[in-house]
Amino acid sequence: MKVNIRKFLSLTVPLFIGLGIIYYQYTTLSSTEIEKIKISFIKADYFYIFLSLFIALFGYWSRAYRWKFSLQHLGYNTQFRNDLMTVCVSYFINLTIPRSGEISRAALLKKYEKVPFDKGFGTIVAERIVDLIIFLLFVIIAFVLQFDKLYKFLIDKLPIEKIIYLLIGGFVVFVIFIFVWIYAEWKIIKKLKQKLSGLIEGMTSILKMKDKWNYIFHSFFIWFTYLLMFYVTIFALPETSNIGFDVVIMGFIFGSLAVGFTNGGIGAYPLAIALIYSLYGIPNDVGVAFGWLVWTSQTLLTIFLGLLSYLLLPILNKK
């Protein structure tokens, strides 16, 4: 049996990185901290955990409902239940290989709604661009509110000379990239330019659609549910129930980055939460426990909805 090395590595490398981060966390925690984390899990108020999961369901629903507007703009009237279930499956697939869920989502839509793969995938790419813009708004707001705290953290961790060297190095790399982008005739650059033009086309199609304001509303509503379900979880632990909303936003941003750059945030999510919360005097064991509570509950919901949808799709679409 032939083994596709590229596919094998794409599946296993992110998983092993996540497991490596978990191992790193486990070995760097003292026995006392580990015991405190266990106690936090036992004493947590799970009403707020289940409340966050309930809020998350609205995010799933809104993402599927938003998708209908872009599909209708292309002339396809899909069944909402199929849109919702393919979204659930895509979230589940993203736990294995980062960003692979988008491909499976377009493939399932083609199978059950006869929407051409390239058109379905184009609508998903446009969604991701909008999501990225909204996420960047969160980042800008949070960094403006917490500039002093982040500046002090960088100065403490990095001497001013290193920061200057990094800025100069980054500027040089940026100039080289622009030069290569404009003048290079390499195949990979040409492919990237084609993909960029497709992204721009997908983005501008949103502005032309009939229901663009409904689309934009749901885009913000999706991220509102993400932030809200993260926020209500702080009340599950006494040690985090009094933290400010500005701290919550910082935790939300760094947690989202951990999920975006790994397969579902395995290992990286609790580490990112503990790191950013440590800037505000929250003990490491509390930050780790909180991160694991949020990540475990959301991941279990993703697995449950993904597997359930995967089983229901062929049953509800027998014809």
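All values below come from the heavy atoms of this structure, side chains included, with hydrogens, waters and symmetry mates left out.
- The distance from the CD1 atom of I124 to the CD1 atom of I129 is 12.5 Å, given to the nearest 0.5 Å.
- Judged by distance alone, the side chain of E113 and the main-chain N or O of Q79 form a donor-acceptor pair under 3.5 Å.
- Between H218 and F221, the ring-plane angle classifies as perpendicular under the 30° and 60° cut-offs.
- Under the 4.5 Å side-chain criterion, counting only non-hydrogen atoms from C-beta, L301 is in contact with Y60.
- With a 4.5 Å cut-off on side-chain heavy atoms, F290 and I273 count as touching.
- Between the S297 side chain and the V294 main chain, a donor and an acceptor come within less than 3.5 Å of each other.
- Atom CG of residue L84 and atom OG of residue S309 lie 6.5 Å apart, to the nearest 0.5 angstrom.
- No side-chain heavy atom of L109 sits under 4.5 Å from any side-chain heavy atom of Y76.
- Under the ring pair (Phe, Tyr, Trp, His ring centres under 6.0 Å) criterion, F220 pairs with no residue at all, not counting sequence neighbours.
- Taking the centre of each ring, Y65 and W61 come in below the 6.0 Å mark.
- Using a 4.5 Å cut-off between side-chain heavy atoms of Ile, Leu, Val, Met, Phe, Trp and Tyr, with links allowed through other members, Y310 and L308 fall into the same hydrophobic cluster.
- Remark: side-chain polar atoms of K210 are not paired, donor with acceptor, to backbone N or O of H73 under 3.5 angstrom.
- In this structure K110 satisfies the salt bridge (Lys or Arg N to Asp or Glu O under 4.0 Å) test with no other residue, sequence neighbours excluded.
- Side-chain contact check for L313 versus N317: some heavy-atom pair is nearer than 4.5 Å.
- The shortest side-chain heavy-atom distance between L257 and F135 falls under the 4.5 Å cut-off.
- Between the T123 side chain and the G120 main chain, a donor and an acceptor come within less than 3.5 Å of each other.
- Both Y215 and F80 are part of a single hydrophobic cluster, where members link through side-chain heavy atoms under 4.5 Å apart.
- Rounding to the nearest 0.5 angstrom, the gap separating the CG atom in D83 from the NZ atom in K68 is 5.0 Å.
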Scan the side chains in residues 46-57 for donor-acceptor partners under 3.5 Å anywhere in the protein, sequence neighbours excluded, and list what turns up.
residue, atom, partner, partner atom, Å
Y46, OH, F41, O, 2.7
S52, OG, I49, O, 2.5

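- Within the structure, every pair that satisfies the salt bridge (charged side-chain N to carboxylate O under 4.0 Å, His left out) test and touches residues 119-134, not counting sequence neighbours, is listed here: R63-E127, R63-D131, R66-E127, R66-D131, E102-R128, R105-E127, R128-D131.
- Linking ILVMFWY side-chain heavy atoms closer than 4.5 Å, directly or via other members, places L305 and L300 in two distinct hydrophobic clusters.
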ask   = Given the rule in the ring pair (Phe, Tyr, Trp, His ring centres under 6.0 Å) test, do F254 and Y269 qualify, once you have shown the distances and angles that lead to the verdict?
value = CA-CA 8 Å; F254 278 82; Y269 190 92; over 10 Å; no

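- Cluster annotation: L132 is not connected to W223 through the hydrophobic network of ILVMFWY side chains, with a link wherever side-chain heavy atoms come within less than 4.5 Å.
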Do any side-chain atoms of residues 231-252 form donor-acceptor pairs under 3.5 angstrom with protein atoms, and if so which ones, sequence neighbours left out?
residue, atom, partner, partner atom, Å
T233, OG1, M229, O, 2.7
T240, OG1, I234, O, 2.6
T240, OG1, L237, O, 3.2
S241, OG, P238, O, 2.9
D246, OD2, Q146, NE2, 2.8

inquiry  = Between Y226 and I134, does the side-chain contact (heavy atoms from CB on, under 4.5 Å) criterion hold? Intermediate values first, please.
reply    = CA-CA 12 Å; Y226 290 169; I134 295 175; over 6 Å; no

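- In plain terms, the two heavy atoms of G59 and T225 that are nearest each other are CA-OG1, 3.4 Å.
- In this structure, S62 contributes its side chain and F58 its backbone to no donor-acceptor pair below 3.5 Å.
- Side-chain atoms of F138 and S256, non-hydrogen and from C-beta on, never get closer than 4.5 Å to each other.
- Surrounding CZ of F224 are at most 12 heavy atoms belonging to other residues, nucleotides or ligands under 6.0 Å away.
- Residues that satisfy the side-chain hydrogen bond (donor to acceptor under 3.5 Å, both in side chains) test with S104, not counting sequence neighbours, are absent from this structure.
- Residues L137 and L227 share a hydrophobic cluster, clusters being chains of Ile/Leu/Val/Met/Phe/Trp/Tyr side chains in contact below 4.5 Å.
- N284 CG to L271 CG: the interatomic distance, rounded to the nearest 0.5 Å, is 8.5 Å.
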query = Can you list the steps and then say if M85 with L316 is a side-chain contact (heavy atoms from CB on, under 4.5 Å)?
reply = CA-CA 11 Å; M85 286 187 287; L316 298 177; 3.8 Å; yes

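- Summarising the geometry, atom CG belonging to L108 is positioned 12.0 Å from atom CD1 belonging to I103; distances are rounded to the nearest 0.5 Å.
- Atom CG in L95 sits 10.0 Å away from atom OG in S90 (nearest 0.5 Å).
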